[in-house]
Amino acid sequence: MTKSKGNPLRLKGFKILLGLTGGIAIYKAADLVRRLTVDYGAEVQVVMTASAQKFMSPLVFEALSGKPVLTHLFSGGFVGTRHISLAKEADLILIAPASANIIAKTVHGIADDLLSTIILAGWHKMLFAPAMNVNMLENPATRTNIEKLMKRGVSIINPGEGLLACHDEGKGKMASVAEICEAVEAKLLGQGLLTGKKVVVTAGPTREKIDAVRYISNYSTGKMGLALAMEAKKEGAQVTLITGPVSLDIPRDIDTVKVESAREMLKALLNQAADYLYMSAAVEDIVPEEIIHRKLKKEFLPNVIPVKKAPDIVSAFRKKFPDTKITGFSVEIEQGKENSLYKMETKGLDFIIWNNPETEGAAFGHDTNEVTVFSREGKEWFLPKDTKRNIASRIIKITTGTGA
Ligand SMILES: Cc1cc2nc3c(=O)[nH]c(=O)nc-3n(C[C@H](O)[C@H](O)[C@H](O)COP(=O)(O)O)c2cc1C
């Protein structure tokens, strides 16, 4: 059993739209992009106003973010209704530095360039880091504008005091890159459905050895489990993924325990007290009665391999942790509902998710899935075909009681 420790890529999977406006503090934004992408693992799309481009070249931010910088409302590779889709796709719209001008435009709903139009469409997920001369900041117009934004629920990272670029002393310095990163993290993770919760996800198949080179296994690839782990992480949980042999690109920030057999998975799982367990691994039902620790020669292979039932992992976990909310998975072709409900009852699950491998684009190996969720209380949700990430997101909402 090998364990790889998580690292600080806490914002992996999040999309941040970073708006840059015309102020000297823009030089700090280069480091901000580097920190958000490299250290936090976020995807950053930079949008620059015309004034911002007078201070720094988009090239710097293209190199650091690894994406083209967007500058114009009506030109670029693809225009369409890009301003709307950019606002929709972003988990957060961060304006740093935020000029007095962009703050005023936001308050009045002015949309006369790409950035201000995106802001108008994505106003509910804004974070501003104002930066300006002390007199501009203390101007009643700016003060009132900032107050208005705050009253509307827009988050503001207060500027600090000190020697300003114009050599004046006072308030107006943009918050430090570290402070902005912390505010971004708090905004993205602090309000997650699973903030402060421990979530364990099992994924993939198990391999039950027959001899040194042969094993019994199944077609599970672990994609659904990984999608659940990534969505739980996005919702602010502390996540541990216990996975059988899979060839997936697991983000380094997800604490991962790699196991091979059902017995190893059981051992790993019983070490993990959790608020939520998503048991998406396809644990083999049968294991050879005895493992031959050398390679059996072909001519000595038995006609029959005696097998026994694999340990009942989820029942053992339930016995040890009676309070964990457990979501199990069932793979059923016939009488799916009846068999799933029976499994939920006998194993003490709170929810069960029925996959039908005969549905096109569902269950093993696909990037999509189509499932039905049943709860202990007798509720039922059909989740039509969608990406495994979107299905995972809906499963988390259902199992945390926050919607579907
Ligand atoms: C050298 C220089 C520095 C400036 N620094 C700031 C600043 O720190 N904050 C600010 O609000 N405006 C500052 N301005 C003024 C803005 O660039 C100007 O208001 C511009 O119209 C803002 O456009 P934007 O909000 O579309 O980026 C500065 C202007 C110059 C020439």
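Whatever order the structure lists ligands and atoms in, that order sets their numbers, starting from 1. These numbers come from the heavy atoms of this one structure, side chains and all, not from hydrogens, waters or symmetry mates.
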Colleague: Please verify whether a non-hydrogen atom of Ala25 lies at under 4.0 Å from ligand 1.
Modeller: no
Colleague: Please report whether atom 18 (C) of ligand 1 has a protein non-hydrogen atom at a separation of less than 4.0 Å.
Modeller: no
Colleague: Identify the residue among Val177, Ile26, Val44 that makes a side chain to side chain contact (heavy atoms under 4.5 Å, CB included) with Leu32.
Modeller: Val177
Colleague: Considering only NZ, NE, NH1 and NH2 on the basic side and carboxylate oxygens on the acidic side, decide whether Glu161 and Lys173 come within less than 4.0 Å.
Modeller: no
Colleague: Below 4.0 angstrom from a heavy atom of Ile102, which ligand 1 atoms are there? Numbered from 1 as shown, please.
Modeller: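 Listed by number with element: 25 (O).
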Colleague: Is the closest basic N to carboxylate O distance between Asp31 and Lys28 below 4.0 Å?
Modeller: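 Result for this pair is no, no salt bridge flagged.
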Colleague: Would you compute the distance between atom CD1 of Ile326 and atom CZ of Phe317 and round it to the nearest 0.5 angstrom?
Modeller: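 One finds 5.5 Å between CD1 of Ile326 and CZ of Phe317.
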Colleague: May I ask you to decide if the ring planes of Trp381 and Phe351 are parallel, tilted or perpendicular, using 30° and 60° as cut-offs?
Modeller: tilted
Colleague: What residue and atom, counting heavy atoms only, is the protein's closest point to atom 8 (O) of ligand 1, and at what distance?
Modeller: Ala131 O, 3.4 Å
Colleague: Hey, could you give me the CZ/CD1 distance between Phe128 and Ile157, rounded to the nearest 0.5 Å?
Modeller: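 Answer rounded to 0.5 Å: 11.0 Å.
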Colleague: Just to confirm my output: which protein heavy-atom neighbour is closest to atom 5 (N) of ligand 1, and how far is it?
Modeller: Gly23 CA, 3.5 Å
Colleague: Where is the nearest protein heavy atom to atom 29 (C) of ligand 1: which residue, which atom, and how far?
Modeller: Phe55 CZ, 3.9 Å
Colleague: Who's the nearest protein heavy-atom neighbour of atom 16 (C) of ligand 1, and how far?
Modeller: Gly22 O, 3.3 Å
Colleague: Could you find the nearest protein heavy atom to atom 24 (P) of ligand 1 and give me its residue, atom name and distance?
Modeller: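 Going by distance alone, atom 24 (P) of ligand 1 is nearest to Asn101 ND2, 3.5 Å.
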Colleague: N/O to N/O below 3.5 Å, does that happen between Ser51 and ligand 1?
Modeller: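 Indeed, backbone or side chain, Ser51 has an N or O that close.
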Colleague: Suppose we measure from atom 25 (O) of ligand 1 to each protein heavy atom; which comes out shortest, and what is that distance?
Modeller: Ser99 OG, 2.6 Å
Colleague: When you check the side-chain N and O atoms of Lys337 and Thr372, is any donor under 3.5 Å from an acceptor?
Modeller: no
Colleague: Just jot down the ligand 1 atoms closer than 4.0 angstrom to any heavy atom of Met132, in number order.
Modeller: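 Answer for ligand 1: 7 (C), 8 (O), 9 (N), 10 (C), 11 (O).
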Colleague: Scan side-chain atoms only and decide if Lys198 and Gln272 contain a donor-acceptor pair under the 3.5 Å cut-off.
Modeller: yes
Colleague: If you measure every N or O of Thr49 against every N or O of ligand 1, does any of those distances drop under 3.5 Å?
Modeller: yes
Colleague: Just heavy atoms, cut-off under 4.0 Å: does Met136 contact ligand 1 by side chain, backbone, both, or neither?
Modeller: side chain
Colleague: Can you confirm, on distance only, whether ligand 1 has an N/O atom lying under 3.5 Å from any N/O atom belonging to Asn133?
Modeller: no
Colleague: So is there a nitrogen or oxygen of Asp113 less than 3.5 Å from a nitrogen or oxygen in ligand 1?
Modeller: no
Colleague: Give me the nearest non-hydrogen protein atom to atom 11 (O) of ligand 1 as residue plus atom name, then the distance to 0.1 Å.
Modeller: Ala100 N, 2.7 Å
Colleague: Between Thr49 and Ser51, does any side-chain donor sit less than 3.5 Å from a side-chain acceptor?
Modeller: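 Side chains of Thr49 and Ser51: no pair found under 3.5 Å.
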Colleague: Closer than 4.0 angstrom, basic N to acidic O: yes or no for Asp113 and Lys105?
Modeller: yes
